[in-house]
Amino acid sequence: MNPSTPSAAPAPVTPHVPSKFAQFYALTKPRVVQLIVFCALIGMVLAVPGVPTWPDVRLALIACAGIWLVAGAAAAFNCLVEQQIDARMRRTAWRPTAKGELSNPLTLTFSAALCALGSWILYVWVNPLTMWLTFATFIGYAVVYTVILKPMTPQNIVIGGASGAMPPVLGWAAMTGSVGPEALILFLIIFLWTPPHFWALALYRVEDYRKSGLPMLPVTHGNEFTRLQVFLYTLVLFPACLMPFIFKMSGWLYLVAAVALSIGFSWYGFRLWRNYSDALARKTFRFSLIHLSVLFAALLLDHYLV
């Protein structure tokens with residue numbers, strides 16, 4: 001090439017735009033919904049004594065599908081309501097609604113369609129109780145928590161955590177047509193687990209929440225107070241995790257796992273309280289996910305192996 005000849009200008013880089021399917025799928029918060037369905041499945045399994053029959057398996061699969069659809073609808077509605085907040089937070093700025101990739105009417109229609117389809121499946125193919133409980137959970141999360149509580153009080157995650165704790169109850173109701181005390185024990189575990197799990201995240205994302213204008217506990221009451229609350233909740237959660245063994249829902253395998261996991265979570269909470277760092281808050285948040293997943297997996301294994 002002649003040095004005196006000007007080189008061609010580089011072609012402009014076209015930003016990657018996800019497909020519509022990928023955008024709608026992202027609205028459902030897949031990882032969160034997977035955990036919801038997993039917790040519901042635990043409730044289903046524990047509600048059926050012994051090895052499930054094919055009709056039990058079929059019913060459980062249909063119930064999981066219905067719960068997934070309604071949970072995805074709630075997540076999409078949450079993205080719609082919080083799109084301006086999401087756009088200001090690094091953790092959520094990638095969401096299609098925050099980036100303006102999906103219009104509000106389209107997102108609302110998508111959420112309504114998922115909720116209607118999931119509710120219909122649960123009502124017709126499972127039972128009305130499960131449908132109404134699942135729909136009430138949708139209202140609790142999408143409206144009561146997202147619209148009312150979250151922007152109003154730093155205790156939003158404590159009160160709104162009741163919706164997040166419902167999946168095992170939904171699973172139990174799907175298989176039995178009722179809500180037993182065993183299901184309420186599982187509800188209690190998730191209800192008490194939610195605040196330390198979420199506040200550990202909020203501690204190292206505090207600037208995001210401050211920019212968003214949401215009254216999260218680290219913003220309104222400070223880092224030290226929030227750390228103490230995380231630790232205290234891990235202590236309260238400990239005996240709740242032992243209740244399945246105490247009430248003969250499980251055996252020694254679950255007890256060993258529950259004690260080990262609860263000691264670990266409490267130890268993380270104590271260290272976070274006494275010697276804070278963002279890195280430790282991240283580790284505490286990640287361990288909280290391991291805690292709940294392994295705890296319920298141990299409960300599942302114990303149900304069949306012991």
Side-chain angles (χ1 to χ4, degrees), residues 29-33 35-36 39 74-75 77-79 81-95 97-98 140-166 189-238 240 261-262 264-293:
K29 301 183 182 179
R31 286 190 291 182
V32 174
V33 172
L35 184 59
I36 289 171
C39 292
F77 188 82
N78 173 269
C79 291
V81 173
E82 297 191 340
Q83 58 182 304
Q84 299 301 324
I85 294 172
D86 286 345
R88 293 195 293 268
M89 297 175 64
R90 184 175 57 182
R91 183 173 66 91
T92 55
W94 60 270
R95 289 175 178 165
T97 42
Y141 175 75
V143 179
V144 177
Y145 169 68
T146 301
V147 178
I148 301 174
L149 293 175
K150 196 170 183 179
M152 182 183 296
T153 170
Q155 291 298 310
N156 47 30
I157 198 63
V158 178
I159 306 168
S163 295
M166 281 297 290
I189 290 173
I190 301 178
F191 180 76
L192 295 176
W193 169 87
T194 301
H197 159 75
F198 186 83
W199 285 334
L201 168 70
L203 280 167
Y204 70 85
R205 294 288 193 182
V206 62
E207 291 307 318
D208 265 357
Y209 285 114
R210 185 172 283 116
K211 291 176 184 176
S212 73
L214 294 173
M216 294 303 176
L217 197 65
V219 176
T220 60
H221 288 70
N223 181 286
E224 185 176 354
F225 180 82
T226 305
R227 285 151 44 199
L228 176 60
Q229 295 303 304
V230 169
F231 176 50
L232 292 177
Y233 264 95
T234 62
L235 295 182
V236 175
L237 175 63
F238 198 140
L261 289 165
S262 296
F265 202 5
S266 298
W267 176 239
Y268 268 105
F270 177 77
R271 290 169 58 205
L272 195 66
W273 173 43
R274 302 303 299 168
N275 188 25
Y276 178 80
S277 70
D278 282 355
L280 183 56
R282 286 188 180 90
K283 290 179 181 178
T284 304
F285 173 75
R286 290 170 187 155
F287 185 82
S288 70
L289 293 171
I290 295 171
H291 175 277
L292 188 66
S293 300

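In terms of heavy atoms, Val147 sits closest to Pro151 at O-CG, 3.4 Å. Taking every heavy atom of both residues into account, Ser293 and Leu35 meet most closely at OG-CD1, 4.1 Å. Of all non-hydrogen atoms in Val158 and Pro195, the two that sit nearest each other are CG2-CG, 4.0 Å. Heavy atoms only, all atoms of each residue included: Thr284 and Ala200 are closest at CG2-CB, 4.0 Å.
With rounding to the nearest 0.5 angstrom, the CD1 atom of Ile159 is 14.0 Å from the NZ atom of Lys150. Annotation: the span from Trp199 atom CH2 to Leu228 atom CG amounts to 10.5 Å, rounded to 0.5 Å. Rounding to the nearest 0.5 Å gives a distance of 11.0 Å between CG of Leu192 and OG1 of Thr234. In this structure, CG in Leu280 is found 12.0 Å from CZ in Phe287, a value given to the nearest 0.5 Å. Taking OG of Ser288 as the start and CZ of Phe265 as the end, the distance is 5.0 Å to the nearest 0.5 Å. Rounded to the nearest 0.5 Å, atoms CD (Gln155) and CG (Leu217) are 6.5 Å apart.
The side-chain heavy atoms of Leu203 and Leu272, taken from C-beta on, include a pair separated by under 4.5 Å. Looking at heavy atoms from C-beta onward, His221 lies out of side-chain contact with Gln229 at the 4.5 angstrom threshold. Using a 4.5 Å cut-off on side-chain heavy atoms (C-beta onward), Leu237 and Ser262 make no contact. You'll find the side chain of Val206 stays beyond 4.5 Å of the side chain of Met216, heavy atoms only. For the pair Ile190 and Cys39, the minimum side-chain heavy-atom distance is below 4.5 Å. The shortest side-chain heavy-atom distance between Ser277 and Arg282 does not fall under the 4.5 Å cut-off. Using a 4.5 Å heavy-atom threshold, the side chains of Tyr145 and Ser163 count as separate. No side-chain heavy atom of His197 sits under 4.5 Å from any side-chain heavy atom of Leu292.
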Going through the checks in order, is the side-chain contact (heavy atoms from CB on, under 4.5 Å) test met by Thr146 and Phe77? CA-CA 9 Å; Thr146 301; Phe77 188 82; 5.7 Å; no
Walk me through whether Arg95 and Gln83 qualify under side-chain contact (heavy atoms from CB on, under 4.5 Å). CA-CA 8 Å; Arg95 289 175 178 165; Gln83 58 182 304; over 6 Å; no
When you look at Arg227 and Glu224, which way does the salt bridge (charged side-chain N to carboxylate O under 4.0 Å, His left out) test go after all the steps? CA-CA 5 Å; Arg227 285 151 44 199; Glu224 185 176 354; 5.5 Å; no
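Under the 30°/60° scheme for interplanar angles, the aromatic rings of Trp273 and Phe270 are found to stand perpendicular. A tilted orientation is assigned to the rings of Tyr209 and Phe198, their planes being inclined by 30° to 60°.
With Tyr268 as the aromatic partner, Arg271 meets the cation-pi criteria of under 6.0 angstrom to the ring centre and within 45 degrees of the ring axis.
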